[in-house]
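Notes follow the structure.
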Amino acid sequence: MTSLNITNYDPNVLKADLIKFLQSNPEFKDFNYEGSTINTIIDLLVRNTHYIAYMANMTASESFLDSAMIRANLVSHAQKLSYKPSSKTATTVIGNILINTEGVLAHQSIDIPKGFAFTKKIGNTAYRFITLDSHSATLNSDELYEAKNVVLKQGNFITEKFVYKNLDIEIRNKNVDTSTLRVFVSKPNETKKQEYALPEHIISVSKDDFNYFIHENTRGTYTIQFGKNILGKSPDLDDIVTIEYIVCEDDHANGITDLISVGNIGDYQDIKIEIVTPGFGGGERDDLETIRFIAPKIYKAQRRAVNNDDYQALVMDLFPYVKSCNVWSGANNINPDYGAIYISCSPKGGYGISDSSKDEIKNTLSKYKVGVTRINLVDPTNLFININIKIDYDSDKTDLSWTSTTSQIVNNIKKFEQENLGVFNGKFNSSKFMQEVVKNTDIEMIDVEKTISQSLPITQGLNTIYDFDFANKIEPGSFGIVSQYVVFDYNSSKDVVYDRNGIVFLRSTINGKPKDINIGAIDYETGIVSLKVTILEGDMLTVKCKTKSSNINSRNNIILKIGNISVNRG
């Protein structure tokens with residue numbers, strides 16, 4: 001009797017296998033398998049088999065972190081590895097709140113209440129920011145009441161109360177920023193509240209600690225649990241549990257730089273805020289691929305930081321406003337810094353990490369470090385790839401106009417950037433770029449010339465060192481300055497700055513005679529350029545060069561991005 005093939009679940013193949021299997025039995029050999037009754041029975045068997053096979057395949061796939069596609073299953077696997085996926089995060093603004101009492105200086109201080117709101121309308125969208133805590137504004141030298149470095153979060157302030165019945169408490173709003181959550185417990189008819197805290201780990205907790213725990217449940221909302229008098233003290237039956245949190249708005253106001261107040265504080269209406277740190281950190285909750293990437297690293301780190309992956313996993317886990325980060329040993333710097341670890345973070349929204357946030361990251365990671373003496377945070381540095389394309393355009397060979405062709409090429413370049421660049425450790429693969437850039441254009445011949453450029457802020461009037469890291473081997477003789485409106489202290493201009501044999505020269509005219517002045521050095525192998533020069537005018541010093549290789553790499557805190565794009569006829 002023929003064995004049944006169970007390795008192919010295509011319905012047509014499966015039906016043929018079932019018929020062949022039945023025909024191998026002498027009792028069913030001469031059946032008319034195209035007849036309506038038995039054909040219907042076989043079709044039902046095929047469909048039933050296909051459903052069962054699909055269910056078995058999906059069940060197996062959803063059983064593993066690497067292959068699960070349903071969020072609830074992926075979150076469950078991650079939590080088994082001690083990783084709690086980040087919720088949606090509200091944009092943060094730090095500013096100084098100023099209250100003008102119009103000369104009435106009768107108060108030693110003025111209290112700014114928790115939940116006091118500021119707003120900003122951009123287009124048809126109004127963004128709302130509120131204070132998380134109450135603050136005291138004191139009189140400053142300008143006779144204004146001022147509260148410094150006030151943290152505001154974008155969204156709406158929500159307070160909920162529950163009567164505790166020894167059950168878990170569910171926050172039903174999926175847009176909650178769990179990093180803003182505060183939990184209080186009080187006795188019925190009493191105003192005194194005991195605040196419960198979220199422990200960093202359970203190593204040192206006791207049954208008498210006032211702890212709560214939170215996790216994302218299978219419905220995609222968040223569940224609050226208490227310690228069951230094992231990992232912390234649980235509330236008594238009928239106690240009142242009060243929770244406060246921020247519900248995020250749909251659009252994140254990252255980069256916002258000015259706000260206006262909403263409402264009064266007491267009798268005072270003239271309330272302003274000076275933004276110290278523009279909006280940063282607003283973002284969506286962890287997507288599936290982020291969870292899949294971070295969870296194993298958290299498990300591997302075991303709440304201690306030994307190698308680069310450990311630090312990266314901890315940063316991504318503990319600081320939800322960080323979109324991505326890169327970690328490297330100081331021993332790998334161009335100027336080695338042994339015993340130090342270096343971290344560069346890109347926040348959600350991409351507008352930079354504030355100094356206070358950097359201090360928070362360093363202080364927190366210090367609790368986990370092993371064998372490292374210093375933790376240094378450095379800002380990301382953009383390295384722009386400027387593209388000059390020449391194409392062999394022939395209107396007789398394409399239905400696209402010149403304008404449509406160039407527009408398609410620019411869109412292809414932007415898509416390539418989104419898929420391959422803009423992240424730490426990004427790589428510009430020239431062959432892949434050449435293939436992508438001509439898609440849907442009918443262009444066969446293309447010539448691409450690339451330069452890379454980097455910018456640093458200018459310190460006017462002082463002899464200053466400007467260090468550039470191009471992260472790639474540099475083509476000798478290709479260095480130059482791009483900045484317009486830069487005035488050097490040598491009666492010269494930007495187009496007479498050049499490199500020769502690893503030295504950067506600025507050609508100046510002194511007493512009517514040209515003279516080459518040594519203003520810096522280039523290491524063609526490491527891509528490091530160091531200039532020491534006095535600049536009298538200008539805001540940014542932008543320099544460029546060509547790389548020896550057609551492929552362009554990044555390292556450490558460098559992020560590759562597409563700069564200027566030029567498309568011309570060849």
Side-chain angles (χ1 to χ4, degrees), residues 1-88 168 170-172 174-175 214-223 225 284-302 309 313 316-317 324 415-416 418-420 423 432 435-436 439-440:
M1 192 172 185
T2 302
S3 60
L4 182 61
N5 180 11
I6 58 172
T7 60
N8 193 325
Y9 288 101
D10 179 88
N12 294 326
V13 175
L14 187 58
K15 183 175 181 179
D17 287 341
L18 283 173
I19 292 174
K20 185 178 180 180
F21 173 73
L22 291 172
Q23 287 177 332
S24 67
N25 188 327
E27 297 180 13
F28 300 102
K29 181 178 181 180
D30 296 326
F31 269 63
N32 178 14
Y33 289 98
E34 297 300 323
S36 60
T37 302
I38 195 155
N39 191 58
T40 300
I41 293 173
I42 292 175
D43 283 343
L44 287 173
L45 288 172
V46 168
R47 177 158 296 195
N48 183 65
T49 303
H50 192 73
Y51 284 163
I52 293 173
Y54 177 80
M55 183 180 66
N57 179 70
M58 293 303 296
T59 300
S61 296
E62 294 299 317
S63 298
F64 299 95
L65 181 73
D66 289 341
S67 54
M69 296 303 297
I70 298 174
R71 182 178 179 88
N73 296 334
L74 197 62
V75 168
S76 178
H77 293 315
Q79 290 174 348
K80 294 174 185 175
L81 299 177
S82 301
Y83 177 60
K84 182 180 69 178
S86 171
S87 69
K88 198 169 182 177
D168 296 340
E170 182 178 2
I171 305 174
R172 298 186 180 276
K174 293 183 179 181
N175 291 329
I214 185 170
H215 68 271
E216 183 179 333
N217 57 42
T218 56
R219 292 176 293 279
T221 57
Y222 294 89
T223 298
Q225 296 177 315
E284 300 301 308
R285 64 182 182 175
D286 283 350
D287 59 27
L288 300 187
E289 294 309 314
T290 300
I291 297 171
R292 210 186 311 275
F293 174 75
I294 298 176
K297 290 179 170 55
I298 287 293
Y299 181 73
K300 179 182 175 183
Q302 294 291 308
D309 285 346
M316 299 298 293
D317 181 31
S324 63
K415 182 181 178 182
F416 177 86
Q418 291 175 351
E419 295 177 352
N420 300 277
V423 295
K432 184 176 182 181
Q435 294 173 2
E436 296 292 329
K439 281 187 175 179
N440 305 315

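If you read the sequence from its start, that first residue is 1, and numbering goes on from there. Hydrogens, waters and symmetry mates are skipped; everything else that's a heavy atom, side chains included, is used.
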Considering residues at least two apart in sequence or located in another chain, which fulfil the side-chain hydrogen bond (donor to acceptor under 3.5 Å, both in side chains) criterion with [X]?
X: D317; result: R303
X: E419; result: none
X: T290; result: D287
X: N57; result: none

Could you give the distance from [atom1] ([X]) to [atom2] ([Y]), rounded to the nearest 0.5 Å?
X: K84; Y: I291; atom1: NZ; atom2: CD1; value: 13.0 Å
X: H215; Y: Q225; atom1: NE2; atom2: CD; value: 5.0 Å
X: L44; Y: N39; atom1: CG; atom2: CG; value: 10.0 Å
X: E284; Y: K88; atom1: CD; atom2: NZ; value: 4.5 Å
X: S76; Y: L81; atom1: OG; atom2: CG; value: 10.0 Å
X: I42; Y: D17; atom1: CD1; atom2: CG; value: 11.5 Å

> Can any side-chain N or O of S67 pair as donor or acceptor with the backbone N or O of S61 at less than 3.5 Å?
Replying inline: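 Answer holds: yes.
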
>> Closer than 3.5 angstrom, by distance alone: can the side chain of H77 be matched with the main-chain N or O of E62 as a donor-acceptor pair?
In response: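 Yes, because the side chain of H77 sits within donor-acceptor range (under 3.5 Å) of the backbone of E62.
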
>> Ignoring hydrogens, what is the shortest heavy-atom contact between A295 and Y83? Give both atom names and the distance.
In response: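 Taking A295 first and Y83 second, the nearest heavy atoms are CA-CB, 3.9 Å.
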
> Taking all atoms of both residues into account, what is the closest heavy-atom pair of T218 and A72, and its distance?
Replying inline: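 Answer, listing the atom of T218 first, then A72: O-CB, 3.7 Å.
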
Name all residues meeting the side-chain contact (heavy atoms from CB on, under 4.5 Å) criterion together with [X]; count only those two or more places apart in sequence or in a different chain, and write none if there are none.
X: L45; value: L18, I41
X: S86; value: T89, D286, P320, K348
X: K297; value: F293, D309, Q312, A313

Which residues pass the salt bridge (charged side-chain N to carboxylate O under 4.0 Å, His left out) test with [X], not counting sequence neighbours?
X: R219; result: E170
X: D168; result: none
X: K15; result: D43

>> Can you pull out every salt bridge (Lys or Arg N to Asp or Glu O under 4.0 Å) where at least one residue sits in residues 70-82? Sequence neighbours excluded, please.
In response: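 Of all non-adjacent pairs touching residues 70-82, those that pass salt bridge (Lys or Arg N to Asp or Glu O under 4.0 Å) are R71-E216.
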
> What pairs with F416 under ring pair (Phe, Tyr, Trp, His ring centres under 6.0 Å), at least two apart in sequence or on another chain?
Replying inline: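 F416 satisfies ring pair (Phe, Tyr, Trp, His ring centres under 6.0 Å) with F428, F433 once adjacent residues are dropped.
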
> So do V75 and Q79 actually touch side chain to side chain, heavy atoms under 4.5 Å?
Replying inline: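 With C-beta onward as the side chain, the pair touches.
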
>> Taking the side chain as everything from C-beta on, heavy atoms only, tell me whether T223 gets closer than 4.5 Å to I214.
In response: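 Of all side-chain heavy-atom pairs linking I214 with T223, none is under 4.5 Å.
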
